Amino acid sequence: MFQLNMDQNFIYTMIFIIFMIIMTFYGQKIQLLIWIGEIEKQLRKLQKLSEESKEKLAEALSKYGRTKKDLLKDIEKFTKFFIISPVDLDPAGVLKRLEHLLDVSKTKMEEYVHILAPKADEVHSDNYENMFEACAALDYIYRIVRHYLILGKKTQSTIVIMQIHMQLPQIMEIANSYFKALDSFSKGLPIGDGIGPLVAFHLARGYPYREIVEDTVVYDAAFKDRKLFVIKAKGPGGNVGKPGEAVKKLINEFKKKISRVVIIDAAAKLEGETTGEIAEGVGAAIGDPGPEKYKIEESIRKYNIPIDALIIKQSLPDAITTMKKEIAETAKKVVDKVKDIILSRTKEGNIVLVIGVGNTIGIGQ
Amino acid sequence: MLILIFILLLLIPFPKLGNLETGQLQSFLLLSIMLLFSFLFVYQTMNPFRRNKEKEKTVSTLKCVNCKYTEQTEFVEGQYIGEIVKKCPKCGGDVMVQLIYVETGEKKR
Ligand SMILES: [Zn+2]
């Protein structure tokens with residue numbers, strides 16, 4: 001088979017053999033170079049997203065007097081903001097310390113926005129805080145990817161490069177959705193995560209409400225001879241409020257008279273599950289860093305109150321960008337489900353707590 | 001995977017090397033290299049992160065508080081769910097924004 005005519009084919013055979021040698025010994029290196037090239041391409045895209053996001057924020061803020069250039073300088077400075085999580089070697093009171101840090105960082109964000117746009121009203125300030133967080137997230141993603149790329153190049157580590165390359169699609173999806181989220185935040189559009197507050201709104205619309213803790217309202221509603229306390233963040237600015245604190249306050253006030261807690265939240269769906277699918281379970285369905293969840297769990301445990309959780313499944317991009325039709329349309333179904341739960345599991349004269357967890361941007365009272 | 005195809009492409013002309021005229025061999029090699037580069041090109045430009053840009057429309061659903069009057073309009077900046085937008089043309093009650101969502105116009109193929 002391999003009867004080579006050396007005179008005629010020598011040069012081609014040599015080329016082939018040299019090629020084989022290159023591929024055998026340097027194939028991985030070439031692969032690495034290809035991967036690095038692709039990562040660099042996406043990194044440039046990430047940089048562009050990060051820069052554009054800051055410009056978008058500056059554009060939105062420039063309505064309040066300061067020039068864009070001036071604003072960009074400050075935004076650049078503020079996006080390097082960080083929180084150092086509390087020490088957990090001594091776990092006693094770690095959640096209280098974490099809550100304190102979160103409170104301080106929230107105040108700090110508010111201060112930043114106040115520096116950037118002193119004359120913005122409350123609703124817009126809240127939305128700008130959200131935009132600012134999205135900018136900071138994009139900036140952070142960009143810096144992390146850049147870090148690992150440079151690290152991988154420096155150490156010529158296939159593992160490091162391969163890892164970023166393999167995760168790039170997900171990273172880019174997240175980055176793109178944060179970028180898209182900016183538009184929703186700047187226009188004050190409701191986002192997918194707002195399904196909890198949306199359900200609370202539809203359940204208790206028209207009833208009187210008051211601000212029980214900062215940025216959190218509670219409705220004094222009623223349904224079929226049951227008294228309902230419906231909790232949601234205060235809208236229509238971008239807030240998540242402090243539902244845990246509100247629950248704690250109400251439970252401490254009414255104690256065992258509260259016979260059931262129903263909590264509604266958006267939850268991450270698994271790939272393959274339908275967006276807007278409703279699932280029912282038990283537990284404090286709330287995706288905060290810990291303090292609010294702890295308060296709910298602790299309060300209901302203290303008085304032995306049963307809790308029902310309803311989650312509406314959606315992907316992370318769905319959760320932070322403008323609410324999709326599939327999600328918005330579940331609101332009515334979830335309201336019916338909550339009513340069902342109340343009817344079947346509580347008696348007349350009972351008090352029921354309903355909590356709509358999530359960012360209430362674009363959803364008023 | 002890339003390298004595998006690389007090698008496979010190069011193997012195509014190899015078994016036949018002995019039986020071919022120089023010109024034919026050359027064209028075989030040329031062909032395989034061209035195939036290789038076209039593959040590389042497609043691989044590079046095939047962007048897994050790019051998606052079909054769908055037309056998106058933000059819709060506000062308005063509903064009268066008192067009667068069954070409903071209306072769908074395009075979202076106006078500043079509008080929010082729970083806002084009372086206008087009076088109902090049927091009964092004069094308040095018309096409230098019920099839902100705001102984004103509708104993706106799916107492309108028909
Ligand atoms: Zn009407």
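Because the structure is a prediction, the values reported are computed rather than measured. Proteins come first, then strands; the chains are lettered A, B, ... in the order of their sequence lines, and each starts at number 1.
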Should we say atom [atom1] of [X] is surrounded by more than 12 heavy atoms from elsewhere, each under 6.0 Å from it?
{"X": "A:Tyr64", "atom1": "OH", "answer": "yes"}
{"X": "B:Lys63", "atom1": "NZ", "answer": "yes"}
{"X": "A:Met166", "atom1": "CE", "answer": "no"}
{"X": "A:Tyr128", "atom1": "OH", "answer": "yes"}
{"X": "A:Tyr142", "atom1": "OH", "answer": "yes"}

**Prompt:** With only heavy atoms counted, which part of A:Ile327 is less than 4.5 Å from chain B, the side chain, the backbone, both or neither?
**Reply:** neither
**Request:** Examine whether an atom of A:Thr360 lies under 4.5 Å from a heavy atom of chain B, and if so say whether it belongs to the side chain, the backbone or both; otherwise answer neither.
**Result:** neither
**Item:** Best-contacting candidate, A:Glu326, A:Lys324, A:His202, against chain B by heavy atom pairs under 4.5 angstrom
**Value:** A:His202
**Request:** Go through the atoms of B:Thr58 and report whether side chain, backbone, both or neither lie under 4.5 Å from a heavy atom of chain A.
**Result:** side chain
**Prompt:** Given that the side chain runs from C-beta out, which part of B:Gln79 has a heavy atom under 4.5 Å from chain A: side chain, backbone, both or neither?
**Reply:** backbone
**Request:** Decide, yes or no, whether a salt bridge links A:Lys325 with B:Glu103 under the criterion of side-chain N to carboxylate O below 4.0 Å.
**Result:** yes
Between atom [atom1] of [X] and atom [atom2] of [Y], what is the distance when rounded to the nearest 0.5 Å?
{"X": "A:Leu189", "Y": "B:Tyr80", "atom1": "CG", "atom2": "OH", "result": "14.5 Å"}
{"X": "B:Phe75", "Y": "A:Lys187", "atom1": "CZ", "atom2": "NZ", "result": "7.5 Å"}
{"X": "A:Lys332", "Y": "B:Gln98", "atom1": "NZ", "atom2": "CD", "result": "9.5 Å"}

**Message:** I need the minimum non-hydrogen distance between A:Phe201 and B:Ile81, along with the two atoms involved.
**Reply:** CE2-CG2, 3.5 Å
**Asked** What heavy-atom pair brings B:Ile100 and A:Gly362 nearest, and what distance separates the two atoms?
**Response** CD1-O, 4.4 Å
**Request:** Take B:Leu99 and A:Met323, measure what side chain to side chain contact (heavy atoms under 4.5 Å, CB included) needs, and give me the verdict at the end.
**Result:** CA-CA 9 Å; B:Leu99 292 174; A:Met323 195 180 276; 5.7 Å; no
